[in-house]
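Below is one structure, written out as structure tokens, with a few remarks after it.
Everything numeric here is computed off the predicted structure, so don't read it as measured data. Starting from 1, each residue takes its place in the sequence as its number.
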Amino acid sequence: MNGKSTMMDFLEEPLPGVGTYEDFNTIDWVREKSRDRDRHREITNRSKESTWALLHSVSDAFSGWLLMLFIGLLAGSLAGLIDISAHWMTDLKEGVCLAGFWFNHEHCCWKSNTTFTDRDKCPEWKSWSQLILGYGEGAFAYILNYFMYVVWALMFSLLAVLLVKGFAPYACGSGIPEIKTILSGFIIRGYLGKWTLVIKTITLVLAVSSGLSLGKEGPLVHVACCCGNILCHLFTKYRKNEAKRREVLSAAAAAGVSVAFGAPIGGVLFSLEEVSYYFPLKTLWRSFFAALVAAFTLRSINPFGNSRLVLFYVEFHMPWHLLELVPFILLGIFGGLWGAFFIRSNIAWCRRRKTTRLGKYPVLEVFVVTAITAILAFPNEYTRMSTSELISELFNDCGILDSSKLCEYVNDFNSTKGDDLPDRAAGPGVYTAMWQLALALIMKVFITIFTFGMKVPSGLFIPSMAVGAIAGRLLGVAVEQLAFYHHDWAIFSGWCSQGADCITPGLYAMVGAAACLGGVTRMTVSLVVIMFELTGGLEYIVPLMAAAMTSKWVADAIGREGIYDAHIRLNGYPFLEAKEEFSHKTRAMDVMRPRKNDPPLTVITQDSMTVEDVETIVTKTTYSGYPVVVSRASQRLVGFVLRRDLIISIENARKKQDGIVSTSIICFTDYCPPLPPSSPSVLKLRSILDLSPFTVTDETPMEIVVDIFRKLGLRQCLVTHNGKLLGIITKKDVLKHIAQMANQDPESILFN
């Protein structure tokens, strides 16, 4: 195009596709924030011109809050649907309600006239043996119930893995490692799409109902983020800007934790502490709003299920004593050891799954693990019940009306005051429950290792809490009996006299649950707040914090990575951890490419290369972008152009601009050099050129370079010497260098 060129502007005449990113690539945070500032500045300036422009400015400012409302409503509704369906299908493995097959066991017995102690034996609910054989006692009835339990479990899990494999491969797993990577700026097309949302919602119900050692809490974060991503398309500023979209996804993650645990504040802190990469103050308040809306929506849909605002409500009648910090810290040590053991074992198993033939048969793997889980779970009532019910029972403080075996003490109510029961000698039921819980602990410790990471939706929060709650209850009963039989020991004198209610095993279960969850995820503050909101036990924050911090210290001493960071590294995602320090004395020139003996850096000149030359470079290389220099001889830097923008612009010019051929000169400057009249039209591409790429000198310490990449969210940084271009450092190069310095395999970083 000779003569005056029409300058393209992203705000006015954007080419479709320009400014977007290819799959499995990192966004340019600096460019995205700059584009949003330009957009906001233009809207603000136009708002002074007319009433309509002012209304548009107001609606633009309000759109973020409206989007949060939609996310909260949709995420809460889906969580309620999942919660109700999972409860019904879990009970379906054991029987059916004659009053209505759509009722679960609890709802079926609401109108029953049975006594409180026999509330689970109402005539409206029939086990499969009662329904098929007409009776529920005896060996054959037990075998039939056992068989039906295993069959239903296998049906649910197989349907889940087949749906995931056939329709939405991204619907498997927890989703939190990928969400964390996406929020750091990585692009995974389809991971937060419509099909993933639909299949994840359905298969999450099936996976939880199958009785596998997994939870729905982690996957609910994925579900909520899918809702956020889909609803972003309703608003232009979020649809067209990847950085703004990640603000929404951070809020959606908070809403996901809120509906998972009924913990709005904990959800916001979890998003801030664990998954978010960029979390401005306005996102904090919007996240809290979305989390509140989601929690109240869930409560409105299912007010009587586990979706109430306090999931595991506790009402302990006695405060804890300072000396009890010793067993609480012991539980923290156990949680840290369990977390480190689980992470190493699970990562080793997942790595083996990826590198052997085992990974080629996900359906068979799910079938085998489900069969083993169901066969081992049915004989033990504490593994047969759902994990949420198990945790609730372990947290429970025994009262006068409790009929659980955990509360079968030798009764002596002479010193009972109100609801307070004195510490008593354990009865036969308690001892039976103890060895059953010990077997359940062993089973869950090992079976969870093989379950997490299978090709079905699988969360880790509830299984980890179950392991800790079992260990805590066992320790709590042991301390309780020790205090009962040896109340005259020095450690108990003065605060735990005979006949007093001083040890609460349910509190130990709660502390153990926090310790194990902290050991696996390395959460601290958000974990304590979530546990407080889960249980309503504000006065137990100190024991929870002591256990959580101890478990983190112990686990960090063995291995620095939490389970989600370990899976990020296993999958080779380009996630740059902001919490770890880089203290090695290397320089930018040690990391940049090209290295010694490498081919020279591929560059594009500002006004001397033809369309054919540039297309050849793009075809022969796979780089995500190219530096633009004045000339090959001078190597003076002009800017940086993205590969995707270059391809789209050239293709568009060939189709829509007259005179653009292979021999046309590409010009990245405002004024192109004069050409002979017979020359083809010049293709001006200055509008897609980044004129302010981030640069460092070759002597810059890598400690500073790493910090720049973390805080600015860079995808690449150019290296210069005396103003001349020397090389380039990408986010992948930084991650490989960090891995190499940590004696890890640098080739494990697969994406840029």
Side chains of [X] and [Y]: closer than 4.5 Å at any heavy-atom pair?
{"X": "I84", "Y": "I301", "result": "yes"}
{"X": "N346", "Y": "H567", "result": "yes"}
{"X": "L92", "Y": "F101", "result": "no"}
{"X": "E274", "Y": "V221", "result": "no"}
{"X": "P463", "Y": "F452", "result": "no"}
{"X": "T383", "Y": "L376", "result": "no"}
{"X": "V257", "Y": "E217", "result": "no"}
{"X": "I176", "Y": "L460", "result": "no"}

Counting only N and O atoms by type, is there a donor-acceptor contact under 3.5 Å from the side chain of [X] to the main-chain atoms of [Y]?
{"X": "Y170", "Y": "G175", "value": "no"}
{"X": "W320", "Y": "E539", "value": "yes"}
{"X": "S551", "Y": "G336", "value": "no"}
{"X": "K93", "Y": "S209", "value": "yes"}
{"X": "S258", "Y": "A254", "value": "no"}
{"X": "K126", "Y": "L98", "value": "no"}
{"X": "D91", "Y": "H105", "value": "yes"}
{"X": "E324", "Y": "H321", "value": "yes"}

In Å, rounded to the nearest 0.5 Å, how long is the span from [atom1] of [X] to [atom2] of [Y]?
{"X": "F450", "Y": "C350", "atom1": "CZ", "atom2": "SG", "value": "10.5 Å"}
{"X": "M510", "Y": "L331", "atom1": "CE", "atom2": "CG", "value": "11.5 Å"}
{"X": "R344", "Y": "I449", "atom1": "CZ", "atom2": "CD1", "value": "13.0 Å"}
{"X": "I132", "Y": "F140", "atom1": "CD1", "atom2": "CZ", "value": "9.0 Å"}
{"X": "L73", "Y": "T297", "atom1": "CG", "atom2": "OG1", "value": "4.5 Å"}
{"X": "L78", "Y": "D83", "atom1": "CG", "atom2": "CG", "value": "12.5 Å"}

Please report the closest heavy-atom contact between [X] and [Y], naming both atoms and the distance.
{"X": "A86", "Y": "T90", "answer": "O-OG1, 2.6 Å"}
{"X": "I199", "Y": "A171", "answer": "CG2-CB, 4.1 Å"}
{"X": "A295", "Y": "P264", "answer": "CB-CG, 4.1 Å"}
{"X": "V161", "Y": "P362", "answer": "CG2-O, 4.1 Å"}
{"X": "A263", "Y": "E533", "answer": "CB-OE1, 3.3 Å"}
{"X": "A548", "Y": "L527", "answer": "CB-CD2, 3.9 Å"}

> What residues, two or more places apart in sequence or in another chain, satisfy side-chain hydrogen bond (donor to acceptor under 3.5 Å, both in side chains) together with N145?
Replying inline: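 With sequence neighbours excluded, N145 shows a side-chain hydrogen bond (donor to acceptor under 3.5 Å, both in side chains) to S129, given in chain and number order.
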> Listed by chain and number, what are the side-chain hydrogen bond (donor to acceptor under 3.5 Å, both in side chains) partners of S210, not counting sequence neighbours?
Replying inline: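 In terms of side-chain hydrogen bond (donor to acceptor under 3.5 Å, both in side chains), with neighbours along the sequence ignored, S210 is linked to no residue.
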Could you pull out all residues at least two apart from [X] that satisfy ring-ring contact (aromatic ring centres under 6.0 Å, His included)?
{"X": "F103", "answer": "none"}
{"X": "F341", "answer": "none"}
{"X": "F334", "answer": "none"}
{"X": "Y382", "answer": "none"}

>> Could you go through F395 and L390, starting from their C-alpha distance and side-chain angles, then the distance that decides it, and tell me whether this counts as side chain to side chain contact (heavy atoms under 4.5 Å, CB included)?
In response: CA-CA 9 Å; F395 283 7; L390 171 62; over 6 Å; no
>> Apply side chain to side chain contact (heavy atoms under 4.5 Å, CB included) to residues Q481 and I503 and explain how you reach the verdict.
In response: CA-CA 9 Å; Q481 295 305 298; I503 305 296; over 6 Å; no
> Pairs in or reaching into residues 426-442: which pass side chain to side chain donor-acceptor pair (under 3.5 Å), with residues at least two apart or in two chains?
Replying inline: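 Residue pairs with at least one partner in residues 426-442: K405-Q436.
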> What residues, two or more places apart in sequence or in another chain, satisfy side-chain contact (heavy atoms from CB on, under 4.5 Å) together with L154?
Replying inline: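 For L154, the residues satisfying side-chain contact (heavy atoms from CB on, under 4.5 Å) (neighbours in sequence not counted) are V150, F367, T370, A371.
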No-hydrogen, no-angle side-chain donor-acceptor test under 3.5 Å, [X] and [Y]:
{"X": "E393", "Y": "S404", "value": "yes"}
{"X": "Y409", "Y": "E480", "value": "yes"}
{"X": "E273", "Y": "T524", "value": "yes"}

> Are Y508 and F328 close enough that their ring centres sit under 6.0 Å apart?
Replying inline: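 They qualify: ring centres under 6.0 Å apart.
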> What residues form a disulfide (SG to SG under 2.5 Å) with C108, not counting sequence neighbours?
Replying inline: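 Disulfide (SG to SG under 2.5 Å) list for C108, sorted by chain: C97.
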> Does the ring-ring contact (aromatic ring centres under 6.0 Å, His included) test come out yes or no for F261 and F461, once each step is laid out?
Replying inline: CA-CA 10 Å; F261 293 111; F461 283 24; 5.4 Å; yes
Considering only distance and modelled atom types, tabulate donor-acceptor pairs under 3.5 Å from the side chains of residues 466-474, sequence neighbours left out.
{"unit_1": "R473", "atom_1": "NH1", "unit_2": "L394", "atom_2": "O", "d": "2.7"}
{"unit_1": "R473", "atom_1": "NH1", "unit_2": "N396", "atom_2": "O", "d": "2.7"}

>> Does W128 form a side chain to side chain contact (heavy atoms under 4.5 Å, CB included) with W152? I'd like the steps, not just the answer.
In response: CA-CA 11 Å; W128 290 109; W152 279 111; 3.5 Å; yes
> Can you list the steps and then say if L269 with M523 is a side chain to side chain contact (heavy atoms under 4.5 Å, CB included)?
Replying inline: CA-CA 10 Å; L269 290 176; M523 295 192 304; over 6 Å; no
> Which residue pairs pass the salt bridge (charged side-chain N to carboxylate O under 4.0 Å, His left out) test with at least one member in residues 446-457, sequence neighbours excluded?
Replying inline: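 Counting only pairs at least two positions apart or across chains, no salt bridge (charged side-chain N to carboxylate O under 4.0 Å, His left out) contact touches residues 446-457.
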> Checking ring-ring contact (aromatic ring centres under 6.0 Å, His included) for the pair Y142/F378: CA distance, chi angles, key distance, verdict?
Replying inline: CA-CA 10 Å; Y142 179 84; F378 187 84; 5.5 Å; yes
>> Give me each pair satisfying ring-ring contact (aromatic ring centres under 6.0 Å, His included) with a member in residues 511-530, each pair once, sequence neighbours excluded.
In response: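 For residues 511-530, and leaving out neighbouring residues, there are no ring-ring contact (aromatic ring centres under 6.0 Å, His included) pairs at all.
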> Out of V520, I563, T521, T448, which one pairs with S464 under the side-chain contact (heavy atoms from CB on, under 4.5 Å) rule?
Replying inline: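 Going through the options one by one, the only one that passes is V520.
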